[in-house]
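Structure first, then comments.
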Amino acid sequence: MSHPDVLVVGAGLVGAAIARELARAGLRVEILEAEFAGAGSTGAAMGHLVVMDDSIAQFALCQHSCARWREWLAELPAAAERDPCGTLWLAADDEELRAARDKLRLYHDHGVRAEVLDAVQLAAAEPALRPGLAGAMRVPDDLVCYPPAIARALIEDAVRLGATLTVRRAVALEPGRVRCNDGTTHAAGAIVVATGAHAAALLPGLPVVPRRGHLVITDRTPLRVHHQVVELGYLHSAHTMGGASVAFNVQPRRTGQLLVGSSRELVGFDGRLERSVLARMLARATTFIPGLARVPASRAWVGFRPATPDALPLIGPWPGMEGVWVATGHEGLGITMATGTADLIVAGLTGSPPPLDPFPYRPDRPMAEAAA
């Protein structure tokens with residue numbers, strides 16, 4: 001039996017998107033997954049599809065990816081829970097409102113719809129928020145979705161297009177093949193490693209580490225939040241690489257529940273819930289939405305974001321082994337960036353023109369730590 005053109009290791013949302021698009025491009029694809037589609041970080045993630053502006057390279061990939069998501073979601077089943085709720089970046093005071101206006105100029109300069117709301121407009125848009133906030137920047141085209149269902153749908157699409165799904169755990173890479181925990185080997189013309197925070201186990205030296213994050217989902221509640229709401233200090237929290245950091249981020253869900261985040265900490269793959277971090281995260285959330293204090297929590301969990309030193313993903317050929325490509329390091333934007341990542345990988349493997357400059361995301365790029 002001939003080998004596939006490409007072996008995709010990992011069936012989270014990034015791997016599933018790559019596999020589906022490679023199959024669409026006419027390549028013979030095998031997907032190697034240890035458990036099931038969306039079992040890892042995808043299943044633990046918030047489902048935001050959001051344009052973020054921490055750097056021009058991040059902004060470019062988010063903008064392209066969100067445009068692609070609007071195309072993809074039109075084709076996906078209702079289980080994807082597409083919600084075009086938009087994002088509100090909350091300004092607690094006048095200084096943060098000035099920062100929101102700076103963000104607005106950047107978004108407008110790059111053709112992304114956005115507007116600044118004053119305090120009165122913000123209170124009308126989100127009555128559940130506490131009084132006294134200075135305003136917000138609204139990005140109306142951002143979306144919320146349900147990532148595990150999308151990963152499953154993309155894998156099913158890939159299989160319908162001729163891809164093969166193999167449930168085995170990859171334990172080692174060798175030139176042109178992957179060795180699994182049962183002793184089998186799987187060969188291919190090219191290998192794409194899309195195993196999130198676990199990618200460094202297959203590729204020693206890959207500059208990616210896990211950052212544990214906590215999330216809480218509430219019971220169904222009459223308390224209504226109409227947008228994804230995020231504090232403007234969220235990006236500063238995202239770059240705090242020392243101790244645990246928390247930031248306010250709440251999403252409405254189609255079930256009538258609210259998804260509350262978020263936290264970040266470097267603790268390796270310790271999957272335990274840390275009650276002190278959860279308490280800080282929920283206390284932060286109630287300072288913005290006081291009514292949350294009266295809403296019971298349904299459950300809490302942790303997931304692991306794949307973080308890089310410069311806060312940009314690793315997308316492209318891995319210089320340490322010929323024929324190996326990498327698609328990881330998206331930190332908290334793996335859901336958003338899955339479509340753009342797939343486009344870059346497909347362009348690289350087929351030799352077609354890339355949709356945006358791939359250099360900022362190449363695994364062999366010069367890399368400095370992101371500014372805190």
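The residues of the chain are indexed from 1 along the displayed sequence.
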Restricting to non-hydrogen atoms, name the atom on P175 and the atom on M321 that form the minimum distance, rounded to 0.1 Å.
N-SD, 3.9 Å
Go through the steps for E95 and R98 under the test salt bridge (Lys or Arg N to Asp or Glu O under 4.0 Å), then give the verdict.
CA-CA 5 Å; E95 181 180 355; R98 286 191 291 273; 5.3 Å; no
G334 versus V14, closest heavy-atom pair with distance:
O-CG2, 3.7 Å
Kindly say whether A311 contributes a backbone atom to a donor-acceptor pair with the side chain of T308 at under 3.5 angstrom?
yes
Can the positive tip of R254 be found less than 6.0 Å from the middle of the six-membered ring of Y146, inside 45° of the ring normal?
no
With distance as the sole test, does D5 use its side chain to make a donor-acceptor pair with the main-chain N or O of G189 at under 3.5 Å?
no
Does L259 share a hydrophobic cluster with L282, counting links as ILVMFWY side-chain heavy atoms below 4.5 Å and allowing steps through other members?
no
What heavy-atom pair brings P252 and C85 nearest, and what distance separates the two atoms?
CG-SG, 4.4 Å
Is R70 positioned over the aromatic face of W72, cation under 6.0 angstrom from the ring centre and no more than 45 degrees off axis?
no
Taking only Lys NZ, Arg NE, NH1 and NH2, and the carboxylate oxygens of Asp or Glu, determine whether R264 and E331 approach each other closer than 4.0 Å.
yes
Determine yes or no for a side-chain-to-main-chain donor-acceptor pair under 3.5 angstrom, with T42 supplying the side chain and L13 the backbone.
yes
Identify the heavy atoms of M367 and P309 that sit nearest to each other, and give their distance.
SD-CD, 3.4 Å
Are M46 and F304 linked, directly or through other ILVMFWY residues, by side chains that come within less than 4.5 angstrom of each other?
no
For S65, is there any backbone N or O sitting under 3.5 Å from a side-chain donor or acceptor partner on T339?
yes
Using only heavy-atom distances, determine whether the side chains of Q257 and T218 contain a donor-acceptor pair under 3.5 Å.
no
How close do H214 and M281 get, heavy atom to heavy atom, and via which atoms?
O-SD, 3.4 Å
Pairing donors with acceptors under 3.5 angstrom, does anything connect the side chains of H64 and D343?
yes
Going by an N to O cut-off under 4.0 Å, is there a salt bridge joining E33 and R168?
no
Is it true that V144 and M137 fall in one hydrophobic cluster, defined by side-chain heavy atoms closer than 4.5 Å?
no
Among the clusters formed by ILVMFWY side chains lying less than 4.5 Å apart, do I155 and F36 turn up in the same one?
no
Heavy atoms of H186 and C180 approach each other most closely as CD2-SG, 3.5 Å
Are R24 and E21 ion-paired here, with the side-chain N under 4.0 Å from a carboxylate O?
yes
So does R365 pair up with D310, basic N to acidic O under 4.0 Å?
yes
Do F269 and V302 belong together in a cluster built from hydrophobic side chains that touch within less than 4.5 Å?
no
